[in-house]
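Worksheet: one structure, shown below.
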Amino acid sequence: MSVAAINLRKRFGSIVAIDGVDFSAEKGETIALVGPNGAGKTTLLKLMAGILRPDEGRVLVNGLDAVEAKARRNVGFMTPMDRGVYWRLTAMDNLIFFGTLYGLSIRDAKRRAGEVLELMGLEDRANHRVATFSTGMMRRLELARALMHDPDVLLLDEPTSGIDVDGRRKILNYIRKLRDRLVIMASHDPQEISLATRVLYFNKKIVDESGPLKIVRMLVKGRIRLSGDGIKVTKINGDEFILEMDINKFSDLMHEAPNYLEGDVLDVEVEVASEGRVMSRRWRQWE
Amino acid sequence: MGVMDRLYSFIVIRGFKVWISYRTQVALNLASWSLPVFIYYFIGIALGPGAASLRGSYVAFVTVGLAFQGYFSSSITTLAGRIRNEELIGTLEYDIAAPLNPISFMMYSSTWGLAINSINALMTLLIGLGLGVRYHVDWISWLLVMLLYLVSIIGLNLIAGATVLIVKQGNPVALFASVASNLLGGTVFPVTVLPKALTDISYAIPLTWALDGFRSSMLDAAAPVSLIKDLVSLALLSVIYLAVGVYLTYFAFSRIMREGSVQQY
Ligand SMILES: Nc1ncnc2c1ncn2[C@@H]1O[C@H](COP(=O)(O)OP(=O)(O)OP(=O)(O)O)[C@@H](O)[C@H]1O
Ligand SMILES: [Mg+2]
């Protein structure tokens, strides 16, 4: 399972949206596309989803051209658009409809819809019309739809924007567990980006790619366990500590760091260095 | 496999459940199906015995005409209207993201129009029965006419759906369908009373042949051999309509997927 873009170019009239993208990604990766508004992130995801045709170059999904119907079978796609579902139908009916489009039987679609609705915390509203949903609920439903056919490749456009803290944590936890898939998401959100095994800085083309990351400073307020290899802990005062450690992947930040943190961690501020670039991240709610 | 489930999805969920959620529209639909039968019934009475030369009775002539013209006129607006609407709303983008090719997607989409117009047809025929129409049906003939007619309707659906995706505003094909079914197709009067030029045009419309075939097979129990002219013409037009429809659909979808206008306002 893989996605590859070869010399991809796309323009809309005079606007160049994608200006020569070459890249490939494999099963097991979670890729974050990061870049300014209008950088072409959504456009790139649509090209990979096969709903937009490139002017030049091509996208291959599992070796098949993305525009072929067959290539789309294993792809789940969502954009943060609250009108991508049928407002007149219930959440359940929406999911069954889209499930059968992906080849599920009615019965399987119903069962799977139950699962993904539960995952998205929408089980109570399964039989309510989408028109009665809040923005965040709509977003959850769109994510649920992308997961209906349990795709190998997930193309997510700002997947948790507009979703509340608890919902976001649950959804990101789920995405994190999709280690046997390929997830590509466009994001402006530190928490989403922190799931990535690779970060692509994108502006019409891939400007930069995150190499191995290094945490230079991690300010922790709360109780911590003073153990672990390759970690340097400095107590500043009271419940404030500075942790220094090497990590290889952005995702390790989420995976490794919790090993050193326990109990009521109040606040975490992190500075991440990658090839000369220093970014700061701050999580108020550390899990 | 899969086909029945998708048909259920397209007809019951995306078709029926959305339709029924617009209460007023449902009421209007039901009224617009039944009223014309009564109107033409009274026109027939007003015209007196002269009109009765048509297939035994004018009511019978009109009932069969109205029952089956619905597929032609309104299934087009049903599909094209929905497709355009979904393009604006944004759901079309997700329909397209599914692993269905555009032709299958549009064909599945047209099933709801066919289903709802079958209800229309049945209702109209039953009202006709109540107004004294007596049916003498040759089922094989009827089935042949119906099958060929449906192929042409699917072709026309594809043409209409593709056209709204291309022109984006209004629906020129709906106008064509409306003129064709009300004026040229022989729904409420025989095409032979039209001026020669218009009669000739009417022969290029599948509805004309289909209605003739339906009337013969449902009112006179005509055997398939006696309908050979209707059937051959209908088959020929069906193939043409379908071919044009398939071509236009590919064209329309490749265009919206190039322009990225799938959800443009
Ligand atoms: N269908 C379209 N027609 C015309 N221009 C388009 C279309 N879709 C995108 N664009 C243009 O292409 C460029 C890239 O847009 P895109 O939506 O991919 O950016 P993005 O990186 O997703 O931005 P954001 O962070 O705001 O979501 C923008 O300049 C946008 O105006
Ligand atoms: Mg975007």
Side-chain angles (χ1 to χ4, degrees), chain A residues 10-13 15 17 42-43 45-47 49-55 64 66-79 81-90 92-109 129 131 142 145-146 148-149 151 155, chain B residues 1-26 82 85-109 111-112 250-265:
Chain A
K10 180 77 200 172
R11 53 191 307 157
F12 299 104
I15 297 168
T42 299
T43 305
L45 289 178
K46 286 184 179 178
L47 287 164
I51 58 175
L52 196 60
R53 297 197 175 179
D55 297 338
L64 296 168
V67 300
E68 283 178 45
K70 241 199 259 165
R72 299 198 290 269
R73 192 166 280 281
N74 281 313
V75 175
F77 167 73
M78 64 89 60
T79 59
M81 186 172 70
D82 41 356
R83 304 231 56 178
V85 279
Y86 294 94
W87 280 34
R88 296 240 149 212
L89 295 175
T90 63
M92 185 53 115
D93 279 338
N94 265 286
L95 293 178
I96 295 174
F97 174 74
F98 283 104
T100 58
L101 284 197
Y102 284 86
L104 298 184
S105 66
I106 297 287
R107 190 196 301 181
D108 288 348
R129 274 209 204 149
E142 282 173 4
R145 182 241 320 268
M148 266 305 278
H149 54 297
L155 306 172
Chain B
M1 53 118 265
V3 175
M4 291 314 289
D5 297 281
R6 280 186 184 153
L7 283 176
Y8 174 87
S9 266
F10 275 92
I11 296 174
V12 179
I13 300 179
R14 184 163 167 267
F16 181 74
K17 289 189 178 180
V18 172
W19 178 66
I20 204 85
S21 78
Y22 292 93
R23 294 285 148 82
T24 323
Q25 194 193 329
V26 172
R82 280 285 184 88
N85 202 14
E86 291 206 16
E87 185 186 29
L88 291 175
I89 290 171
T91 41
L92 186 64
E93 190 160 50
Y94 288 95
D95 294 339
I96 289 177
L100 279 177
N101 66 46
I103 302 295
S104 325
F105 171 70
M106 292 290 267
M107 284 196 177
Y108 276 118
S109 294
T111 53
W112 163 241
Y250 271 120
F251 177 79
F253 275 80
S254 93
R255 202 171 114 158
I256 57 174
M257 286 163 108
R258 210 166 287 285
E259 287 176 347
S261 50
V262 173
Q263 47 135 335
Q264 232 175 53
Y265 291 71

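As a basis for the values below, the full set of heavy atoms in this structure was taken, side chains included, without hydrogen atoms, waters or symmetry mates. Naming: A, B, ... by sequence-line order, numbering from 1 per chain.
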Specify which of A:R107, A:R129, A:E68, A:H149 makes the most heavy-atom pairs with chain B at under 4.5 Å.
A:R129
Closest non-hydrogen atoms of B:E93 and A:I51, given as atom of the first, atom of the second and distance, are CG-CD1, 3.3 Å
Using the salt bridge (Lys or Arg N to Asp or Glu O under 4.0 Å) criterion, which residues pair with A:K70? Sequence neighbours excluded.
none
For the residue pair A:K10 and B:R258, what are the closest heavy atoms and their distance?
NZ-O, 2.5 Å
Under 4.5 Å heavy-atom distance to chain B, tell me which part of A:L89 shows up: side chain, backbone, both or neither.
side chain
May I ask you to decide if B:L100's main-chain N or O and A:R73's side chain share a donor-acceptor pair within less than 3.5 Å?
no
Check each atom of B:S104 against the heavy atoms of chain A and say whether the ones under 4.5 Å are side chain, backbone, both or neither.
neither
Non-hydrogen atoms of B:R6 and A:Y102 that approach each other most closely:
NH2-C, 4.3 Å
Work out which heavy atom in A:A69 is nearest to a heavy atom in B:P99; give both atom names and the distance.
O-CB, 3.2 Å
Report the distance from atom OG of B:S9 to atom CD1 of A:I96, rounding to the nearest 0.5 Å.
7.5 Å
Using non-hydrogen atoms only, which part of A:R145 is less than 4.5 Å away from chain B: side chain, backbone, both, or neither?
side chain
Heavy-atom pair with the smallest gap, counting every atom of A:F97 and B:D95
CE2-OD1, 3.6 Å
Once rounded to the nearest 0.5 Å, what's the spacing between atom CZ of A:R88 and atom CH2 of B:W19?
13.5 Å
Go through the atoms of B:Y108 and report whether side chain, backbone, both or neither lie under 4.5 Å from a heavy atom of chain A.
neither
When the 4.5 angstrom heavy-atom criterion is applied to A:F12 and chain B, the contacting part is side chain
How long is the straight-line distance from CZ of B:R14 back to CG of A:L101, given to the nearest 0.5 Å?
8.0 Å
So B:M257 and A:V67, side chain to side chain contact (heavy atoms under 4.5 Å, CB included) or not? Walk me through it.
CA-CA 9 Å; B:M257 286 163 108; A:V67 300; 5.7 Å; no
Set out, in order, the CA-CA distance, both residues' side-chain angles and the distance that settles side chain to side chain contact (heavy atoms under 4.5 Å, CB included) for A:Y86 and B:K17, then state yes or no.
CA-CA 11 Å; A:Y86 294 94; B:K17 289 189 178 180; over 6 Å; no
Would you name the heavy atoms of B:D5 and A:T100 that are closest together and state the gap between them?
O-CG2, 4.0 Å
Cut-off 3.5 Å, side chains only: do B:Y94 and A:E142 have a donor facing an acceptor?
no
